[in-house]
Protein chains: 2
Amino acid sequence: MTVSIKDVARQAGVSIASVSRVISGKPGVGSATEARIRKIMEDLNYRPNLGARGLVKQQTGNIAIIVPRGSFTLNNPFFSTVIDGIAKGIDQSDYNIVMSFSSAQQKKLLENKSVDGIILFSPRSEEFRLEWLENLGLPTVVIGSYIDDSPFPCVRPSDTDGIDQAVHALYERGHRHIGLVNEPMSSMHSVKCWEGYHQALQRLHLGPGSNDMLELNEFDVNASDRSVAAFFRSRPTMTGIVCASDYLAIGIMRIAATMGLSIPEDLSVIGADDVPIASLLTPALSSVQVDLPGIGQEATRMLIDLLTGKHVDSKNLVFPMTYIDRETTRNTEH
Amino acid sequence: MTVSIKDVARQAGVSIASVSRVISGKPGVGSATEARIRKIMEDLNYRPNLGARGLVKQQTGNIAIIVPRGSFTLNNPFFSTVIDGIAKGIDQSDYNIVMSFSSAQQKKLLENKSVDGIILFSPRSEEFRLEWLENLGLPTVVIGSYIDDSPFPCVRPSDTDGIDQAVHALYERGHRHIGLVNEPMSSMHSVKCWEGYHQALQRLHLGPGSNDMLELNEFDVNASDRSVAAFFRSRPTMTGIVCASDYLAIGIMRIAATMGLSIPEDLSVIGADDVPIASLLTPALSSVQVDLPGIGQEATRMLIDLLTGKHVDSKNLVFPMTYIDRETTRNTEH
DNA sequence: TTGTATGCGTTATCAT
DNA sequence: ATGATAACGCATACAA
């Protein structure tokens, strides 16, 4: 049924070696026979079997995108926006993207020689063991904050500085009691956000803040309505909230609304990453902008460089963040 | 470097056939040798090469997800939500997801025997020719409205009825001049939405509506600010807008805000599909709900049935839509 | 129960 | 310039 290189060879009255040569554009075949072979390939609608080729060339042409299971949701705009950037980066190449969604399948995917390299969204500490990843022997690029001394190159936002900026923005607008809504600290990203928050409060002489961080149990704030409400209610003087992501901020806005708090009148809110919908919300979400598609694109470039043996210069690529003032923040008197 | 079935065989002092048997759980190997082989596999950390296996079994273990290039954006919540459902469906199986993003690569992916089946998001008429798709000879399931007599099973929302419901909802709230914001009519989805809109207006004796549909040039409303503004300005009596998707509706809300129109006071807006963020917006978006993850999951199930030779009963699976009243719609006097 | 041999579709080496 | 042939890692029909 499926037409192979043999069929072409037979039809053209040549050996499979010659056919293979014209396919891969290698020299050593007369222009007359070449033309004949091409014609036959066309007629027979021949397509190379990439699996077979991969078998001999020891490469698959596939790149795995691994997103931590659980925080996953393409609906989390952080992922979808970065992946859009990956898509752009990969367009230039011949690689395809392979994804698995359960962690059992992800393991299989990586172990069974189905991919040439990995783009790894910073896993939580309990997810993949570093040793296990190294053992894979696959070129890997990490997106997002990750263990500082990991052997993999890493592309990420300057989370710490970003959150720092957000706190400062609120301070400049008169806020003195500022909280942080954070994801579980098992993620390195959360740790970095905490550091930025803490560092800003220190500099502004606003205290350590240990008491004003809400650490969610889940990565999805929508699963935590009650604890969020309790957090707000027990801190009546708190006028400003910084969130570790826009996704979180959107959830916070929703919960605040159900509590009768209006934004920004009663509460100023700042997100992080500035995902596309942030500016589409009403009120538009103030956030700390970073070039998320750029991160995806750069990570892809680095991985492809790794894959093609090019020298990879920068081991850590940190994208700057800059505060964007929109409608969820306003001045307050203290 | 990479340990193959041969290495295991040699180490265990058996033939590769025996090793292959225990790998695939086939009978015909003594429990003693089996144990020995398993031990060696463990020690050597043997992993089967899926590519090689695929070569002999004539299958890859991969399923392609094809999203029309251009409307694409994982950021379009329609796609990301459906894909979440696909992820759930595929978790039960052993298949991986492969995606390409440029249409040249998508063609290659499908032609070069890299996948066993296709989940195809309803392509626009100019995208893939039906004949070409059939020629591939790959099991295919289409998600979303598509050519009515396509040979592929299809899972989709009841677009026509959904838009009809939206128009009726506005009518019941007193609206008499109701517009439709639609995507390019080159997509079957847009045609279905138009049909629902037209049908509702007919039933309600509100005229054909031909003049009150805005057909965007792009799939992304954010590229069309000016034409949207012109559309609104030239129809001062229009109090209600139905959108072909929530994504569109969100864009419309943003543009309306910049025009000084407040929602729902000046304009009622209804989206379609009820993506997760719809309810998180402020004001929360009224929409026509449909089980998007369910659609993805069912499509996956159908494809896997197709792949495993099971009988596929329903050729067309249409998911019902039901209007959800939230905060972007209100009563009006006429 | 176990082993041998062939083939899956390619690429690559070595002759011719 | 062209062709035989081995090899990639695995499954399987057939022999033993």
Side-chain angles (χ1 to χ4, degrees), chain A residues 1-38 40-41 44-62 94 108-116 137, chain B residues 1-38 40-41 44-62 94 108-116 137:
Chain A
M1 185 60 219
T2 170
V3 31
S4 85
I5 207 176
K6 265 187 203 159
D7 304 307
V8 177
R10 182 159 6 91
Q11 278 273 332
V14 298
S15 75
I16 61 170
S18 292
V19 179
S20 178
R21 285 190 187 98
V22 345
I23 290 174
S24 40
K26 290 241 167 63
V29 46
S31 52
T33 38
E34 162 159 3
R36 186 153 35 96
I37 291 176
R38 285 203 187 286
I40 303 280
M41 290 199 305
L44 263 46
N45 191 31
Y46 166 79
R47 306 291 170 197
N49 180 317
L50 261 32
R53 178 180 297 171
L55 190 55
V56 26
K57 305 197 77 164
Q58 299 285 37
Q59 50 171 22
T60 65
N62 292 141
D94 267 331
K108 258 192 45 185
L109 177 65
L110 300 184
E111 285 178 335
N112 292 2
K113 296 143 190 85
S114 306
V115 299
D116 298 336
Chain B
M1 185 57 221
T2 170
V3 30
S4 85
I5 205 175
K6 267 188 206 161
D7 304 307
V8 178
R10 182 159 6 91
Q11 279 273 333
V14 298
S15 75
I16 61 168
S18 292
V19 179
S20 178
R21 285 188 189 100
V22 343
I23 290 174
S24 39
K26 288 246 165 60
V29 47
S31 53
T33 38
E34 163 160 2
R36 185 153 36 97
I37 291 176
R38 286 206 185 284
I40 305 281
M41 291 200 305
L44 264 45
N45 192 29
Y46 166 79
R47 305 290 169 197
N49 181 316
L50 261 32
R53 178 179 296 172
L55 191 54
V56 24
K57 303 198 76 165
Q58 300 285 41
Q59 49 171 26
T60 65
N62 293 141
D94 268 331
K108 258 192 45 186
L109 177 65
L110 300 185
E111 284 178 332
N112 293 0
K113 298 145 192 81
S114 305
V115 299
D116 298 336

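We name chains A, B, ... by the order of the sequence lines, and we start the count at 1 in each one.
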Side-chain N,O ([X]) to OP1/OP2 ([N]) below 4.0 Å:
{"X": "K6(B)", "N": "dC8(D)", "value": "yes"}
{"X": "K26(A)", "N": "dA12(C)", "value": "yes"}
{"X": "S20(A)", "N": "dT11(C)", "value": "yes"}
{"X": "S15(A)", "N": "dT2(D)", "value": "no"}
{"X": "T33(B)", "N": "dT1(C)", "value": "no"}
{"X": "R53(A)", "N": "dG9(C)", "value": "no"}
{"X": "Q58(A)", "N": "dG9(D)", "value": "yes"}

Walk me through whether R21(B) and I37(B) qualify under side chain to side chain contact (heavy atoms under 4.5 Å, CB included). CA-CA 10 Å; R21(B) 285 188 189 100; I37(B) 291 176; over 6 Å; no

Of dA11(D), dT4(C), dT11(C), the nucleotide closest to the side chain of I23(B) is dA11(D)

_Using a 4.0 Å heavy-atom cut-off, does P48(A) contact any base of the nucleic acid, only the sugar-phosphate backbone, or nothing at all?_
sugar-phosphate

Taking for A52(B) and for P27(B) the nucleotide of DNA chain C with the nearest heavy atom, the one nearer the 5' end belongs to P27(B)

Comparing nearest nucleotides in DNA chain C, the 5'-proximal residue of the pair R36(B), V19(A) is R36(B)

Smallest heavy-atom separation, I23(A) atom then R53(A) atom, equals CG2-NH2, 3.7 Å

Taken to the nearest whole Å, CD1/I16(B) to P/dA13(D) is 15 Å

Rounded to whole Å, the CG-C1' distance (L55(B) to dT10(C)) equals 8 Å

Side chain to side chain contact (heavy atoms under 4.5 Å, CB included) with Y46(A): of T2(A), I40(A), I5(A), V19(A), only one passes, and it is I5(A)

(request) Go through the steps to decide whether V3(A) and N45(A) satisfy the test side chain to side chain contact (heavy atoms under 4.5 Å, CB included), and finish with yes or no. (result) CA-CA 8 Å; V3(A) 31; N45(A) 191 31; 5.6 Å; no

Judged by nearest nucleotide, the residue sitting upstream toward the 5' end of DNA chain D, R21(B) or L50(B), is L50(B)

